[in-house]
Visitor: 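Below are the structure tokens for one structure; questions will follow.
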Amino acid sequence: MYKTILSGAIGLFFSLIAGTADADHLLFFEAQGIAGYSSEVRRPIYYSQNPDAEMQKPSVGFDYLQRISGESGDVATFALQARLALTEDNPPGTDWGSRENRHVYTLEPQVYNAFLKLKTPLSYVWIGHNRPAFGLSSYFDSHGLILRTLAIQGFGYDRDWGAGLYRDFSWGDISASLTTGTGMPLFVEERLAYQKGNYMTAARISYGVQSRDNFNLGFSLGYGNTLDTMGYALRDPEPRAMRLAGVDMTILRDNLEHRFDLYAGRWLDQDTLAVSYRFGLNVDQEGRLKIEAQPTYWKFGEEYDYEAALCLSSQVTSNLTVRLGYTYGHNKDDHRVILQLYYYLPI
């Protein structure tokens, strides 16, 4: 099913390229290499988080942006980001920590950004696969980074299928979204994702214009019945209640970056509290060398855990970034070292 979706997306992409050769568009080639070692599974790994998670994995793909203009200026933007990722595809019940098991690798088609954004008199409106209006991940794009937002760690979705809107004001912004509550999959068990009664509504209001004030404080609410997915894997076929409130904050001062995110309420019908704080230090004035640290704590139902992560990032060239990360997970006593090469080339 997903190979068919990706083939259609790629066909649409090349049709757009052929029909808009002289139009206002941007095209990037994206490649990513990931390798590391985990003390939990006691072997080399080729992913940063989990074999089922969509990021980060060895992959190649493209990122395409097309601006559509009318007589009065830009009226819409089309975005499509797709890739082929190397994925461990072992049978259900596989002991990931067993060194004796033979691990099977396949190429997984992924559609990440896939949306049309329209400019209307009242707001911008988008439809497709984009960021839900909840928390730090609604405006901070970290899908290619080693350090993860709460949404990427499983408390929500970094991207979801549906529609949304947002409007900027002199004092901040307001955004809202209605999505399927599935994350990456558009189809679940060979049916359109929304046909299981799942959905996710979210709204966020913020104070501060980050590009002007170097500051943004946001408050979010989320309500719905969502599916437990990781990447394209469905972990529970039944929708579960979501009743979440969130507070996020970003402060950028001189060469320091502070990003705070907190979720509280019910996620997948379990009492949930999750909080993370990301601190970044830009070592040089150009921001080519950065050191980041991020502790994360969460309580999900009766289970609690915490994680501590460090990351050193170096922009070696204008197109190549090298990241070296270390993560400690308390419950699994997992010490993990990850090396990432991320290549992003304008074509």
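Along the sequence shown, the residues carry numbers beginning at 1. It should be emphasised that the depicted structure is a prediction, and the values quoted were computed from it without experimental measurement. What you see below is based on every heavy atom in this structure, not just the backbone, and it leaves out hydrogens, waters and symmetry mates.
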Visitor: As an exercise, state the distance from CG of Leu227 to CG of Leu268, rounded to the nearest 0.5 Å.
Guide: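 Interatomic distance, Leu227 CG to Leu268 CG, rounded to 0.5 Å: 9.0 Å.
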Visitor: In the structure I gave you, are the side-chain heavy atoms of Thr250 and Leu136 within less than 4.5 Å of one another anywhere?
Guide: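 Yes, close enough: below the 4.5 Å cut-off.
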Visitor: Ring pair (Phe, Tyr, Trp, His ring centres under 6.0 Å) with Tyr166: which residues, sequence neighbours excluded?
Guide: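 Here the qualifying residues are Tyr124.
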Visitor: Nearest 0.5 angstrom please: Leu147 CG to Thr296 OG1, how far?
Guide: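 Those atoms lie 8.5 Å apart.
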Visitor: Is there a donor-acceptor contact under 3.5 Å linking the side chains of Ser177 and Thr179?
Guide: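 On atom types as modelled, these side chains do not qualify, holding no pair under 3.5 Å.
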Visitor: Is Leu273 linked to Tyr223 within one hydrophobic cluster, defined over Ile, Leu, Val, Met, Phe, Trp and Tyr using a side-chain heavy-atom separation of less than 4.5 Å?
Guide: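 Result: no, two separate clusters.
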Visitor: With rounding to the nearest 0.5 Å, note down the distance linking CG in Leu118 to CD1 in Ile127.
Guide: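 Output value for this atom pair is 8.5 Å.
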Visitor: Check this for me, if you would: do Asp284 and Lys290 make a salt bridge, where the nitrogen-to-carboxylate-oxygen distance has to be below 4.0 angstrom?
Guide: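 Salt bridge flag = no for Lys290 with Asp284.
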Visitor: How would you list, by chain and number, every residue that makes a side-chain hydrogen bond (donor to acceptor under 3.5 Å, both in side chains) with Ser69, sequence neighbours excluded?
Guide: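 Ser69 satisfies side-chain hydrogen bond (donor to acceptor under 3.5 Å, both in side chains) with Asp74 only.
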Visitor: Check this for me: does any side-chain nitrogen of one of Arg83 and Glu54 sit under 4.0 Å from a carboxylate oxygen of the other?
Guide: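 Looking at Arg83 and Glu54, the cut-off is not met.
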Visitor: Aromatic ring centroids of Trp267 and Phe134 under 6.0 Å?
Guide: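 No, ring centres 6.0 Å or more apart.
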Visitor: How close do Ala202 and Ala133 get, heavy atom to heavy atom, and via which atoms?
Guide: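 Scanning both residues, the minimum pair turns out to be CB-O, 3.5 Å.
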Visitor: Show the numbers, then the answer: is there a side-chain contact (heavy atoms from CB on, under 4.5 Å) between Asn198 and Thr182?
Guide: CA-CA 8 Å; Asn198 45 283; Thr182 59; 3.4 Å; yes
Visitor: Output a table of donor-acceptor pairs, distance under 3.5 Å, between side-chain atoms of residues 335-347 and any protein atom two or more places apart or on a different chain; print 'none' if there are none.
Guide:
residue : atom : partner : partner atom : Å
His335  : ND1  : Tyr326  : OH           : 2.6
Arg336  : NE   : Asp334  : OD2          : 3.2
Arg336  : NH1  : Ser48   : O            : 3.0
Arg336  : NH1  : Gln49   : O            : 2.9
Arg336  : NH2  : Asp334  : OD2          : 3.0
Gln340  : OE1  : Arg323  : NH1          : 2.7
Gln340  : NE2  : Gln32   : OE1          : 2.6
Gln340  : NE2  : Gly144  : O            : 2.8
Tyr342  : OH   : Glu30   : OE2          : 2.6
Tyr344  : OH   : Asp63   : OD2          : 2.6

Visitor: Are Glu292 and Ile146 close enough that some pair of their side-chain heavy atoms sits under 4.5 Å apart?
Guide: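 Not in contact.
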Visitor: Check whether Ile34 and Val41 end up in the same hydrophobic cluster, where Ile, Leu, Val, Met, Phe, Trp and Tyr are linked by side-chain heavy atoms less than 4.5 Å apart.
Guide: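 Same cluster.
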Visitor: Parallel, tilted or perpendicular for Phe300 and Phe155, by the 30°/60° rule?
Guide: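 Because their plane-to-plane angle is over 60°, the rings of Phe300 and Phe155 count as perpendicular.
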Visitor: For the CD atom of Glu88 and the NZ atom of Lys57, what is their distance to the nearest 0.5 Å?
Guide: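 Between Glu88 CD and Lys57 NZ, I get 9.0 Å after rounding to 0.5 Å.
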Visitor: I'd like to check Leu145 versus His143 (side-chain heavy atoms, cut-off strictly below 4.5 Å). Are they in contact?
Guide: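 No, their side chains stay 4.5 Å or more apart.
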Visitor: List in chain and number order the residues that pass ring pair (Phe, Tyr, Trp, His ring centres under 6.0 Å) with Phe260, two or more places apart in sequence or in another chain; answer none if no residue qualifies.
Guide: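 Expected list: none.
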Visitor: Determine the minimum heavy-atom distance between Arg167 and Leu122, stating which atoms define it.
Guide: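 In terms of heavy atoms, the two residues are closest at CD-O, 2.8 Å.
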Visitor: When you check the side-chain N and O atoms of Asn225 and Arg240, is any donor under 3.5 Å from an acceptor?
Guide: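 Looking only at side-chain atoms, Arg240 and Asn225 do not form any donor-acceptor pair under 3.5 Å.
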Visitor: Checking Arg278 against Gln294: is there a side-chain donor and acceptor pair closer than 3.5 Å?
Guide: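 Per modelled atom types, Gln294 and Arg278 side chains form a pair under 3.5 Å.
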Visitor: Quick check: do Tyr157 and Arg159 have side-chain heavy atoms less than 4.5 Å from each other?
Guide: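 Contact flag for Tyr157/Arg159 side chains = no.
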Visitor: Under the side-chain contact (heavy atoms from CB on, under 4.5 Å) criterion, do Phe219 and Leu221 qualify, and how do the steps go?
Guide: CA-CA 7 Å; Phe219 176 71; Leu221 290 175; 3.9 Å; yes
Visitor: Is there a side-chain contact between Pro132 and Met200 in this structure, where contact means two heavy atoms from C-beta onward sitting under 4.5 Å apart?
Guide: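 Touching, per the 4.5 Å side-chain cut-off.
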Visitor: Show, in sequence, the C-alpha distance, side-chain angles and deciding distance for Asp160 and Arg131, and conclude whether the salt bridge (charged side-chain N to carboxylate O under 4.0 Å, His left out) test is met.
Guide: CA-CA 6 Å; Asp160 201 8; Arg131 308 178 199 173; over 6 Å; no
Visitor: Does one side chain, of Gln81 or Tyr64, offer a donor that lies under 3.5 Å from an acceptor on the other?
Guide: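 Looking only at side-chain atoms, Tyr64 and Gln81 do not form any donor-acceptor pair under 3.5 Å.
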Visitor: Just checking Leu312: does its CG atom have more than 12 heavy atoms from other residues, nucleotides or ligands closer to it than 6.0 angstrom?
Guide: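 Yes, CG of Leu312 has more than 12 neighbouring heavy atoms, counting only those of other groups under 6.0 Å.
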Visitor: Would Arg259 pass as a cation-pi partner of Phe140, given that its NZ or CZ must be under 6.0 Å from the six-membered ring centre and within 45 degrees of the axis?
Guide: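 So Arg259 does make the cation-pi contact.
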Visitor: With no hydrogens and no angle check, just 3.5 Å: does a side-chain donor-acceptor pair link Asn255 and Gln285?
Guide: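 Absent: no donor and acceptor within the cut-off.
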Visitor: Got Lys117 and Phe78 here, is their nearest side-chain heavy-atom distance under 4.5 Å?
Guide: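 No. Closest side-chain heavy atoms not under 4.5 Å.
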Visitor: Is a side-chain N or O of Thr317 found less than 3.5 angstrom from the main chain of Leu320, in a donor-acceptor match?
Guide: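 Yes: the side chain of Thr317 pairs with the backbone of Leu320.
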Visitor: Would you check, one step at a time, whether the test side-chain contact (heavy atoms from CB on, under 4.5 Å) holds for Glu40 with Asp333?
Guide: CA-CA 7 Å; Glu40 178 195 4; Asp333 194 27; over 6 Å; no
Visitor: Report the residues that fulfil side-chain hydrogen bond (donor to acceptor under 3.5 Å, both in side chains) with Tyr112, sequence neighbours left out, ordered by chain and then residue number.
Guide: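 So Tyr112 forms a side-chain hydrogen bond (donor to acceptor under 3.5 Å, both in side chains) with Asp158.
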Visitor: Kindly say whether Leu289 contributes a backbone atom to a donor-acceptor pair with the side chain of Gln315 at under 3.5 angstrom?
Guide: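 It does not hold such a pair.
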Visitor: For His330, enumerate each residue passing the side-chain contact (heavy atoms from CB on, under 4.5 Å) test, keeping only those at least two apart in sequence or located in another chain.
Guide: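 Scan of His330 (side-chain contact (heavy atoms from CB on, under 4.5 Å), adjacent residues dropped) gives Asp305, Tyr306, Tyr328.
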Visitor: Supply the atom-to-atom distance Ser137 OG to Leu150 CG, rounded to the nearest 0.5 angstrom.
Guide: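 The CG atom of Leu150 is 8.0 Å from OG of Ser137, to the nearest 0.5 Å.
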Visitor: Does either side chain, that of Thr149 or that of Asp261, offer a donor lying less than 3.5 Å from an acceptor on the other one?
Guide: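 No pair is found: no donor N or O on one side chain lies under 3.5 Å from an acceptor on the other.
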Visitor: For atom OH of Tyr207, decide whether the heavy atoms of other residues, nucleotides or ligands shown that lie under 6.0 angstrom number more than 12.
Guide: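 Result for OH/Tyr207: open.
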Visitor: Closest heavy-atom contact between Arg212 and Ser170?
Guide: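 Looking at all heavy atoms of both residues, the closest pair is NH2-O, 2.9 Å.
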Visitor: Taking atom CG of Asp254 as the centre, does the number of heavy atoms from other residues, nucleotides or ligands within less than 6.0 Å exceed 12?
Guide: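 At most 12 heavy atoms, drawn from other residues, nucleotides or ligands, come within 6.0 Å of this atom.
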Visitor: If you measure from OG on Ser142 to CE on Met55, what distance do you get to the nearest 0.5 Å?
Guide: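 Output value for this atom pair is 9.5 Å.
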Visitor: Evaluate whether atom OH of Tyr304 has more than 12 neighbouring non-hydrogen atoms of other residues, nucleotides or ligands under 6.0 angstrom away.
Guide: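 Result for OH/Tyr304: open.
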Visitor: If you draw a 6.0 Å radius around NZ in Lys299, do more than 12 non-hydrogen atoms from other residues or ligands fall strictly inside?
Guide: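 Counting neighbours around NZ of Lys299, more than 12 heavy atoms of other residues, nucleotides or ligands fall under 6.0 Å, so yes.
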Visitor: Heavy atoms, side chains only, cut-off 4.5 Å: are Thr87 and Tyr47 in contact?
Guide: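 When only atoms from C-beta onward are counted, Tyr47 and Thr87 do not touch, as no gap falls below 4.5 Å.
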Visitor: Report the C-alpha distance between Met242 and Thr226 in whole Å, list the side-chain angles of each, state the deciding distance to 0.1 Å, and finish with yes or no for side-chain contact (heavy atoms from CB on, under 4.5 Å).
Guide: CA-CA 7 Å; Met242 172 196 182; Thr226 60; 4.2 Å; yes
Visitor: Does CD in Glu286 sit with more than 12 non-hydrogen atoms of other residues, nucleotides or ligands closer than 6.0 Å?
Guide: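 Yes.
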Visitor: Do Tyr277 and Trp298 land in one hydrophobic cluster if side-chain heavy atoms of ILVMFWY residues count as linked below 4.5 Å?
Guide: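 Hydrophobic grouping puts Tyr277 apart from Trp298.
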Visitor: Kindly say whether Phe215 contributes a backbone atom to a donor-acceptor pair with the side chain of Asp213 at under 3.5 angstrom?
Guide: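 Between the backbone of Phe215 and the side chain of Asp213 there is no qualifying donor-acceptor contact (under 3.5 Å).
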Visitor: Leu84 versus Glu108: any side-chain heavy-atom pair under 4.5 Å?
Guide: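 No, side chains not in contact.
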Visitor: Is there a donor-acceptor contact under 3.5 Å from the side chain of Arg253 to the main chain of Leu256?
Guide: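 Not at all, since once roles are kept as given, no pair shorter than 3.5 Å links the two residues.
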